[in-house]
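To keep things clear, I will list the structure first and then write my remarks on it.
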Amino acid sequence: MIELRNIIKNYTTRLGVITKALDDISLTLPNKGLVFVLGKSGSGKSTLLNIIGGLDTANSGEVRVNGESIHGFNQKELDYYRNAHVGFVFQDFNLIDSFTVEENVGLTLELQGRKVNSQELHEILEYVDLSGFESRKGNEVSGGQKQRIAIARALIKKPTIILADEPTGNLDTATSRQIMELLKKVSKDNLVVVVSHDPEEAELYADRVIHIKDGKIFNDKLLKEDSSEMKPFALFHPKLSFLSSWKYGVHSLSNKRGQLMITNFIVSICLLFTLLIGSYLYFLSVSSFNFYRLYGQEKIELLTQDLQGYLSLNNAEILFFGMYLGLISILYVFLSMSISSKRKQIGIFKALGASTRDILRIFVWEGLMIGFISFALSTLMGIAYIIDINQKFFDGIKLFELNILQLGFNLGLLILVPTLLTIGLTLYSIKKNSVISILKEI
């Protein structure tokens, strides 16, 4: 049961103009049934849905879910609330197109800290008439099938309430009818609230119709009463498993192979130059007490003078630090572009109830994979180049060699920098863009 008590929600424009979206709304929604919320664009119906679903918060008033108030919940608690109690069905579907049907639906379970059960998945897809579609990707199915996937994704978590915002808005008449019949079937065991501007759909399918006008309830018509018992309220704190976060992180990279290869190549070249210049600087710093004894003072002095004629110690140090600066800049550009392109995923993850921590764990894997691959490539190339340099220029004398300390520094840098950049950029994206704004732009 959902209770709204004296809900007021105001929005302030950049010019300081206050718009009242909801004006002292109070109502009680049943444990199950199909409730339609009707109203013109701007009447406040979507705002009402967002407040019930924890995507937005009221300026004043209280929302109670199965007897428990969610008023005053912080962002983390609202994430947990959406994860445990709310299933969303959006007008624009909001599936992750590069995921298969199984991955889109299974993501909901994994965000709840549960393992994806193939039998449970098969049953829910069969319930929405999508049996056999498990391996299809989100961009390989029709609009009606996408909405069925969204309904399956909402149902599989066994939520307290399913919120559908214009679920048939992007569908043709025949497909819209199929989706509404499916939602009607779902409402026999669940509370389904549909925001719509279509009174004909409401007349055909609704158990209750609520009209909103100028942020107030204009009319509330009960067609069928629900007498079922209220469910207990539970708010668990799920954690996306290590394996799941790794899987989704690698999956994200696999869909950008070209961009990944170019980034790894450029970063590897920067690292290769740091290894070569580092080896050169190491040679200059230890030649006075190591190589003199091994190869003779006169020969080493001639080689040192000759090398510094091409590249002085001062210029080598400038190039050395310049390569590291270039490496960090390249990582920043790639990761900022990558996080920016994932705004849709961030919005979907948050709407499904993913915590910020879970999102960070998924995206951090992307930076770490770039770092590990670049380190391996640059080290292999560095070994090959140094062997070649020693053979061609120093008659096989091992004057240039990889510095173990520098290799350790490079590895640490490629763990630390991508991780910090990914965390910072992701947090900035989440803080700057609300879930509602992200989903509206998609």
Side-chain angles (χ1 to χ4, degrees), residues 53-56 70 73-88 90 94-100 102-117 120-121 138 150 152-154 156-160 234-256 335-336 338-371 415 418-439 442:
L55 291 178
D56 204 350
I70 67 169
F73 273 15
N74 59 33
Q75 193 55 59
K76 183 183 289 187
E77 289 169 327
L78 287 174
D79 290 339
Y80 293 148
Y81 163 65
R82 288 195 302 275
N83 195 311
H85 290 276
V86 185
F88 286 101
F90 299 99
N94 286 332
L95 303 179
I96 300 176
D97 288 337
S98 59
F99 284 14
T100 63
E102 181 178 6
E103 288 169 336
N104 268 290
V105 178
L107 173 63
T108 305
L109 294 178
E110 292 184 287
L111 289 174
Q112 290 186 324
R114 298 161 57 191
K115 289 185 177 180
V116 178
N117 184 299
E120 185 179 7
L121 187 70
R153 184 179 64 185
I156 201 166
K157 66 163 67 176
K158 298 179 174 63
T160 299
L235 197 64
F236 53 87
H237 298 181
K239 179 181 178 182
L240 190 68
S241 71
F242 173 85
L243 185 61
S244 294
S245 64
W246 179 84
K247 177 182 70 175
Y248 288 119
V250 172
H251 184 283
S252 178
L253 276 178
S254 67
N255 289 289
K256 297 182 294 183
L335 290 171
S336 61
S338 179
I339 299 299
S340 178
S341 68
K342 288 193 181 70
R343 288 178 70 249
K344 176 178 179 178
Q345 285 192 28
I346 291 173
I348 293 171
F349 283 142
K350 292 294 283 184
L352 293 177
S355 66
T356 300
R357 177 194 60 195
D358 288 335
I359 295 173
L360 289 175
R361 291 175 68 200
I362 292 172
F363 291 168
V364 160
W365 276 113
E366 181 171 330
L368 288 178
M369 290 296 290
I370 292 170
I415 292 174
T419 299
L420 292 178
L421 282 175
T422 304
I423 290 173
L425 290 165
T426 305
L427 287 175
Y428 176 75
S429 181
I430 291 172
K431 184 177 179 180
K432 183 181 178 183
N433 306 288
S434 68
V435 180
I436 299 170
S437 67
I438 294 172
L439 296 175
I442 296 169

Just verifying a value: how many Å separate Trp246 CH2 and Met369 CE, rounded to the nearest 0.5 Å?
6.5 Å
How close do Ile346 and Ile430 get, counting heavy atoms only, and between which atoms?
CG2-CG1, 3.8 Å
For Ser429 and Arg343, the nearest pair of non-hydrogen atoms, with its separation, is OG-CG, 4.0 Å
Report yes or no: does Asn83 contribute a side-chain atom to a donor-acceptor pair with the main-chain N or O of Gly353 at less than 3.5 Å?
yes
Inter-residue atom distance Arg361.CZ - Ser241.OG, 0.5 Å rounding:
7.0 Å
Leu95 backbone acceptor or donor facing Lys344 side chain under 3.5 Å:
yes
Salt bridge or not between Arg114 and Glu120? Use side-chain N to carboxylate O under 4.0 Å.
yes
Pairwise side-chain contact, Leu55 with Phe88, heavy-atom cut-off 4.5 Å (strictly under)
yes
Between the CD1 atom in Ile348 and the CD1 atom in Ile96, the distance rounded to the nearest 0.5 Å is 5.0 Å
How close do Glu77 and Asn74 get, heavy atom to heavy atom, and via which atoms?
N-OD1, 2.8 Å
Using 4.0 Å as the upper bound for N to carboxylate O, is an ion pair formed by Glu110 and Lys247?
yes
Just verifying a value: how many Å separate Arg357 CZ and Ile423 CD1, rounded to the nearest 0.5 Å?
13.0 Å
Hey, does Phe349 have a side-chain heavy atom less than 4.5 Å from the side chain of Asp358?
no
Whether the side chain of Thr426 engages the backbone of Thr422 through a donor-acceptor N/O pair (distance < 3.5 Å, no angle test) should be reported.
yes
Can you find a heavy atom in the side chain of Gln345 that is under 4.5 Å from one in the side chain of Phe363?
yes
Closest non-hydrogen atom pair between Pro418 and Gly367, with its separation:
CB-O, 3.4 Å
Under the criterion side-chain contact (heavy atoms from CB on, under 4.5 Å), I'd like the reasoning laid out for Thr100 against Glu103: C-alpha separation, chi angles, the key distance, then a yes or no.
CA-CA 5 Å; Thr100 63; Glu103 288 169 336; 3.3 Å; yes
Output the distance between atom CD1 (Ile156) and atom OG1 (Thr108), rounded to the nearest 0.5 Å.
7.0 Å
Salt bridge between Glu366 and Lys342, side-chain N to carboxylate O under 4.0 Å?
yes
Between the side chain of Lys157 and the main-chain N/O of Leu109, is any donor-acceptor distance below 3.5 Å?
no
So does Ile415 get a backbone contact from the side chain of Thr419, meaning a donor-acceptor N/O pair under 3.5 Å?
yes
Answer yes if the side chains of Thr356 and Lys350 hold a donor-acceptor pair under 3.5 Å, and no otherwise.
yes
Search all heavy atoms of Leu111 against all heavy atoms of Ala354 and return the closest pair with its distance.
CD2-CB, 3.7 Å
Shortest non-hydrogen separation from Arg153 to Asn94 and the atoms involved
NH1-O, 2.9 Å
Angle class for the Phe99/Tyr248 ring planes (parallel below 30°, perpendicular above 60°, tilted otherwise)?
parallel
Hey, are the side chains of Val86 and Thr160 touching, using non-hydrogen atoms and a 4.5 Å cut-off?
no
